[in-house]
Amino acid sequence: MIKRIIVLVIAIQFAGCAELQKIASQLPNGGLTQAQIGNGLRQALDQGISNQVTKLTATDGFYRNELVKILLPEELQAVDKGLRQIGLGNLADEGIKVLNRAAEDAVKTATPIFVNAVKEITFNDAKNILLGEQNAATSYLQSKTNQSLYNSFSPVINDSFAKVGADKIWSNLITRYNSIPFVKSVNPDLTAYVTEQALKGVFTMIEVEEKGIREKVGLRSTALLKQVFALQDNK
């Protein structure tokens, strides 16, 4: 086996760019097929949902997590500042909190959406993803599913806004702010903003788990995960 790898390395040094992919494909897969590697990547993403994304569904799952906490968009930072200047700092704080509460509630409801997205994803080049960056599987999932997830997730966010009272709180906030003399009135689409930020948070937490699995053998909770990620250990 060592001789074979040495021969391939020497060949790579002299091969043209067009031949590199063909030669790389001959490197040993540890007896695993592309399908098995793909299934291992899905298990890693599923574990990210199970171990990390579910943390977002708890009270303060977004609000107290600095990796994913939803802050105000740029256009509403003036609202925050304006309300504090007139002594309504508590109302401004509540506005930020309820955005995060809506995300927490929505992720709880929509977790099956993320699970199904992982099940349906097709890894066209599983080996290269496995041997790629530490967040390669998460990035691939995001690139393939982000728009469809947004379309499915946005109505859930909208329902959660009403459920946690964020719609009324922000209606009051915007009304109060727009009544301040000489300020430029605002009318933000908070549903779209929170949907984008919540999805970003979901992918961030899946990425945390993927990096952990890549770096720590002890986090590989199944036989397939151990087999698949052993290949990247030896790359």
Side-chain angles (χ1 to χ4, degrees), residues 32-58 61-63 65-71 73 99-161 163 189-215 219-222 224-225 227-229 231-232:
L32 295 174
T33 65
Q34 284 280 328
Q36 287 173 310
I37 294 173
N39 286 334
L41 294 175
R42 287 188 196 90
Q43 283 191 10
L45 296 172
D46 281 335
Q47 188 166 309
I49 294 171
S50 177
N51 290 351
Q52 299 294 339
V53 175
T54 52
K55 294 178 182 178
L56 299 177
T57 67
F62 273 88
Y63 189 63
N65 184 338
E66 293 303 318
L67 285 176
V68 299
K69 182 179 180 178
I70 298 175
L71 303 176
L99 295 184
N100 287 271
R101 290 286 183 266
E104 291 156 10
D105 180 75
V107 171
K108 183 186 303 181
T109 303
T111 296
I113 294 175
F114 306 121
V115 173
N116 289 333
V118 172
K119 287 179 181 177
E120 294 172 2
I121 192 171
T122 299
F123 289 101
N124 295 322
D125 199 348
K127 185 178 177 183
N128 279 346
I129 293 170
L130 174 67
L131 301 181
E133 299 296 327
Q134 287 192 318
N135 65 340
T138 304
S139 294
Y140 187 78
L141 174 68
Q142 186 171 11
S143 69
K144 295 296 183 180
T145 66
N146 194 63
Q147 187 58 54
S148 61
L149 284 174
Y150 181 95
N151 294 339
S152 299
F153 195 45
S154 182
V156 182
I157 287 285
N158 193 57
D159 290 343
S160 292
F161 256 62
K163 186 176 178 180
D189 186 349
L190 284 174
T191 299
Y193 174 72
V194 174
T195 300
E196 291 170 358
Q197 294 302 304
L199 278 177
K200 182 179 177 181
V202 166
F203 286 119
T204 294
M205 298 311 293
I206 294 175
E207 182 178 308
V208 166
E209 189 71 13
E210 180 187 352
K211 287 181 177 179
I213 291 171
R214 288 181 180 274
E215 294 173 354
L219 292 181
R220 300 168 191 173
S221 59
T222 69
L224 184 59
L225 282 176
Q227 285 180 290
V228 167
F229 283 92
L231 295 179
Q232 65 114 56

Item to complete: Count the heavy atoms of every other residue, nucleotide or ligand shown that sit under 6.0 Å from CD of Glu215, and state whether that count exceeds 12.
Response: yes
Fill in: Distance in Å, Leu141 CG paired with Asn135 CG, rounded so as to fall on 0.5 Å steps
11.5 Å
Worksheet entry | Reported CZ-to-CZ distance for the pair Phe229 and Arg220, which is rounded to 0.5 angstrom | 7.0 Å
Practice prompt. Would you check if the side chain of Gln134 reaches a backbone N or O of Lys211 as a donor-acceptor pair within less than 3.5 Å?
Written response: no
Worksheet item: Closest approach of Leu130 and Leu231, non-hydrogen atoms and distance?
Response: CD2-CB, 3.9 Å
Practice prompt. Enter the distance from Phe161:CZ to Thr191:OG1 here, rounded to the nearest 0.5 Å.
Written response: 5.0 Å
Discussion item. With a 3.5 Å distance limit and no angle check, can you tell me whether Thr57 reaches the backbone of Val53 through a side-chain donor-acceptor pair?
Written reply: no
Discussion item. For Ile157 versus Ala106, what's the shortest heavy-atom pair and its separation?
Written reply: CD1-CB, 3.5 Å
Worksheet item: Between Leu199 and Phe114, is a side chain to side chain contact (heavy atoms under 4.5 Å, CB included) present by the stated rule, with each step listed?
Response: CA-CA 10 Å; Leu199 278 177; Phe114 306 121; 3.6 Å; yes
Worksheet item: Quick one: are Ile121 and Tyr140 in side-chain contact, heavy atoms under 4.5 Å?
Response: yes
Worksheet item: Once you round to the nearest 0.5 Å, how far does CG of Leu67 lie from CD of Glu207?
Response: 9.5 Å
Discussion item. If you compare all heavy atoms of Ala103 against all heavy atoms of Ile70, which two are closest, and at what distance to 0.1 Å?
Written reply: CB-CD1, 3.6 Å
Discussion item. Any carboxylate oxygen within less than 4.0 angstrom of a Lys/Arg side-chain nitrogen, looking at Glu104 and Lys108?
Written reply: no
Discussion item. So, applying side-chain contact (heavy atoms from CB on, under 4.5 Å) with Thr111, which one of Leu56, Asn116, Ile49 is it?
Written reply: Ile49
Practice prompt. Scan for side-chain hydrogen bond (donor to acceptor under 3.5 Å, both in side chains) pairs involving residues 193-202, sequence neighbours excluded, and state none if there are none.
Written response: none
Worksheet, complete the sentence: Of all heavy-atom pairs linking Arg214 and Ile129, the shortest is NH2-O, 3.2 Å
Worksheet item: Stepwise, does the side chain to side chain contact (heavy atoms under 4.5 Å, CB included) test hold for Thr145 with Phe203?
Response: CA-CA 11 Å; Thr145 66; Phe203 286 119; 4.0 Å; yes
Discussion item. Rounded to the nearest 0.5 Å, what separates atom OG in Ser160 from atom CZ in Phe153?
Written reply: 7.5 Å
Practice prompt. Give the minimum heavy-atom separation between Val228 and Ile37, together with the two atoms involved.
Written response: CG2-CA, 4.0 Å
Fill in: Option from Gln52, Arg42, Glu210, Glu209 for which side chain to side chain donor-acceptor pair (under 3.5 Å) with Gln47 holds
Glu209
Worksheet item: Shortest non-hydrogen contact from Leu41 to Ala137?
Response: CD2-CB, 4.2 Å
Worksheet item: Under 3.5 Å, is there a donor-acceptor pair linking the side chains of Gln43 and Asn39?
Response: no
Worksheet entry | Rounded distance [0.5 Å steps], CG in Asn146 versus OG in Ser139 | 11.0 Å
